Visitor: 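Would you mind keeping the following structure in view while I ask a few things?
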Amino acid sequence: MEPVKRYFPESTGNDEKLSLRTLAITPIQDLNQGVSPINSHATSTARSSLKMNFRTYVSIGQTSLGVTAPNYPRVKKLANGSYMMLYHNNQIGGSVRYATSPDAKTWTYQNELFKSYAITDQDGLANERRFSNGDALVLANGDILAVASYRANSGYRQKPLDAGLAIRRSTDNGVTWSTAAQIYQGVNWEPYLLQLPSGEIQCYFTDAARTAVIGTDTGTDMVVSNDNGVTWTPSFGAAPYYVLRTQYTYNGNTFSITRCLR
């Protein structure tokens, strides 16, 4: 990087003037080039945080994503080494879309994975089913399982029969997808998929009916699958499993643990 010249104030007795100095600024990509020791912070117990790595910062625009205001992005690495990003447009969303990338730098818009459509809602009124908060999981067998929250666009909190979770599956790294299947009924937000070493798939989500509950209740529900996402328990329309928080004391210290009430 070329040297930069800047003026700095300089005091001489009772007078102050500006002096021109030349600064050599090290480019960000040249900083911290040494080898970092593994587990260098193993003994650190204070709160820590993640910071942006501007060396690899990439701005992705409308051409790559197909929308003007992408929100709630989720990036997954696929079995073939490529990447998939799910997102919805605007703050609330209408359809969940996805883009793909071979290197997590250049992205290509693909399609609407969960597309909004007209419905007659539980009160017999014309409405629209909208999707948001997409997430995906690459299963142990390489399949992709994608999930999204859906709701009635008008009066969604008062229409739990028109809200829930839907999933789709891809067996070819996101090229083609199965027809959407509903796995939960009820107003919810932000589903998240997790596969355990046992093969069990857990889908966590916020239960909108329980977010005001305090104490041991986390406001989180869960449904599970033991056949790679083909069937889910509890079944569609039934009450889900509740995720609760429990406190216990050991050697004078109080801890919180989270458990699922099945």
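From a predicted model like this one, the values you see are computed outputs, not experimental measurements. Residue indices begin at 1 and follow the sequence shown.
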Visitor: Is K159 salt-bridged to D123, cutoff N-O under 4.0 Å?
Guide: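 Yes.
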Visitor: Evaluate side-chain contact (heavy atoms from CB on, under 4.5 Å) for L125 paired with T120, printing each intermediate quantity in order.
Guide: CA-CA 5 Å; L125 303 175; T120 300; over 6 Å; no
Visitor: Is the backbone of S225 close enough, under 3.5 Å, to the side chain of D227 for a donor and an acceptor to pair up by distance?
Guide: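 No, the answer is negative, given that no donor and acceptor are paired below the 3.5 Å cut-off.
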Visitor: Examine F236 and L193 and state if one hydrophobic cluster contains both, with Ile, Leu, Val, Met, Phe, Trp and Tyr joined whenever side-chain heavy atoms are less than 4.5 Å apart.
Guide: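 Unlinked, F236 and L193 end up in two clusters.
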Visitor: So, applying side-chain contact (heavy atoms from CB on, under 4.5 Å) with S149, which one of T206, V96, D135, N188 is it?
Guide: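 Only match with S149 under side-chain contact (heavy atoms from CB on, under 4.5 Å): N188.
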Visitor: Could you please spell out the steps behind the side-chain hydrogen bond (donor to acceptor under 3.5 Å, both in side chains) verdict for Y184 and Q182?
Guide: CA-CA 6 Å; Y184 171 73; Q182 298 171 343; over 6 Å; no
Visitor: Regarding R129 and Y117, is there a side-chain donor-to-acceptor distance under 3.5 Å anywhere?
Guide: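 Yes.
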Visitor: Any link between V138 and Y98 through a network of hydrophobic side chains (Ile, Leu, Val, Met, Phe, Trp, Tyr) touching at under 4.5 Å?
Guide: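 Linked, V138 and Y98 end up in one cluster.
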Visitor: Kindly determine whether D162 and Q185 satisfy side-chain contact (heavy atoms from CB on, under 4.5 Å), including the steps that lead there.
Guide: CA-CA 8 Å; D162 296 308; Q185 185 178 54; over 6 Å; no
Visitor: Step by step, work out the side-chain contact (heavy atoms from CB on, under 4.5 Å) result for S170 and D172.
Guide: CA-CA 6 Å; S170 175; D172 53 11; 2.9 Å; yes
Visitor: Which atoms form the tightest heavy-atom contact between S95 and H88, and what is the distance?
Guide: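 Minimum heavy-atom contact is O-CB, 3.4 Å.
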Visitor: Run the numbers on Y87 and R74 for side-chain hydrogen bond (donor to acceptor under 3.5 Å, both in side chains), then give the verdict.
Guide: CA-CA 7 Å; Y87 51 93; R74 293 292 182 269; over 6 Å; no
Visitor: If you compare all heavy atoms of S64 against all heavy atoms of A99, which two are closest, and at what distance to 0.1 Å?
Guide: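 Minimum heavy-atom contact is O-CB, 4.0 Å.
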Visitor: When rounded to the nearest 0.5 angstrom, what distance separates CG in L137 from SG in C203?
Guide: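 Output value for this atom pair is 10.0 Å.
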Visitor: In sequence, state the C-alpha distance, the side-chain angles, and the governing distance for Y83 and T100, and then conclude on side-chain contact (heavy atoms from CB on, under 4.5 Å).
Guide: CA-CA 6 Å; Y83 297 86; T100 57; over 6 Å; no
Visitor: Can you tell if the side chain of T233 reaches within under 4.5 Å of the side chain of V223, non-hydrogen atoms only?
Guide: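 Not in contact.
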Visitor: If we check side-chain contact (heavy atoms from CB on, under 4.5 Å) with R169, which of these qualifies: I144, N228, T179?
Guide: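 Of all the options given, the one that passes is N228.
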Visitor: To the closest 0.5 Å, what do you measure between CG (N111) and OH (Y109)?
Guide: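 Here the rounded value is 5.0 Å.
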Visitor: V224, I201: one ILVMFWY side-chain cluster at the under-4.5 Å cut-off?
Guide: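 No, no single cluster joins them.
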Visitor: Give a yes-or-no answer on whether the side chains of E128 and S116 include a donor-acceptor pair shorter than 3.5 Å.
Guide: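 A pair is found: one side chain offers a donor N or O, the other an acceptor, under 3.5 Å apart.
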Visitor: Same cluster for V230 and W232 if Ile/Leu/Val/Met/Phe/Trp/Tyr side chains link at under 4.5 Å?
Guide: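 Different hydrophobic clusters.
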Visitor: Assess the pair F114 and W177: is the distance between their ring centroids shorter than 6.0 Å?
Guide: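 No.
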Visitor: Quick one: OG on S132 to OH on Y150, what's the gap to the nearest 0.5 Å?
Guide: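 Rounded to the nearest 0.5 Å, the OG-OH separation comes out at 12.5 Å.
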Visitor: Distance check, rounded to the nearest 0.5 Å: R157 atom CZ versus R151 atom CZ?
Guide: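 R157 atom CZ to R151 atom CZ measures 11.0 Å (nearest 0.5 Å).
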Visitor: Has N127 got a side-chain atom pairing as donor or acceptor with I119's backbone, closer than 3.5 angstrom?
Guide: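 Checked: no pair found.
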Visitor: How about W107 and V75: do any of their side-chain heavy atoms sit closer than 4.5 Å?
Guide: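 In short, these two side chains touch, coming nearer than 4.5 Å.
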Visitor: Do the two ring centres, one from Y192 and one from F205, sit under 6.0 Å apart?
Guide: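 Aromatic pair excluded; centres sit 6.0 Å or further apart.
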Visitor: Looking at CD of Q195 and CD of Q202, how far apart are the two atoms once the value is rounded to the nearest 0.5 Å?
Guide: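 CD of Q202 is found 10.0 Å from CD of Q195.
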Visitor: Between F131 and L86, is there a shared hydrophobic cluster once you connect ILVMFWY residues whose side-chain heavy atoms come closer than 4.5 Å?
Guide: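 Linked, F131 and L86 end up in one cluster.
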Visitor: At what distance, to the nearest 0.5 angstrom, does CG of L78 lie from OG of S82?
Guide: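 It is 4.0 Å, given to the nearest 0.5 Å.
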Visitor: Looking at every non-hydrogen atom in both residues, tell me the closest pair between N173 and A79 and how far apart they are.
Guide: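 Where N173 meets A79 most closely, the heavy atoms are OD1-N, 3.7 Å.
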Visitor: Between T68 and Q62, is the side-chain hydrogen bond (donor to acceptor under 3.5 Å, both in side chains) condition met? List the steps.
Guide: CA-CA 6 Å; T68 56; Q62 182 177 358; 5.8 Å; no
Visitor: Does a side-chain heavy-atom distance below 4.5 Å link E112 with V67?
Guide: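 Result no, sub-4.5 Å side-chain heavy-atom pair not found.
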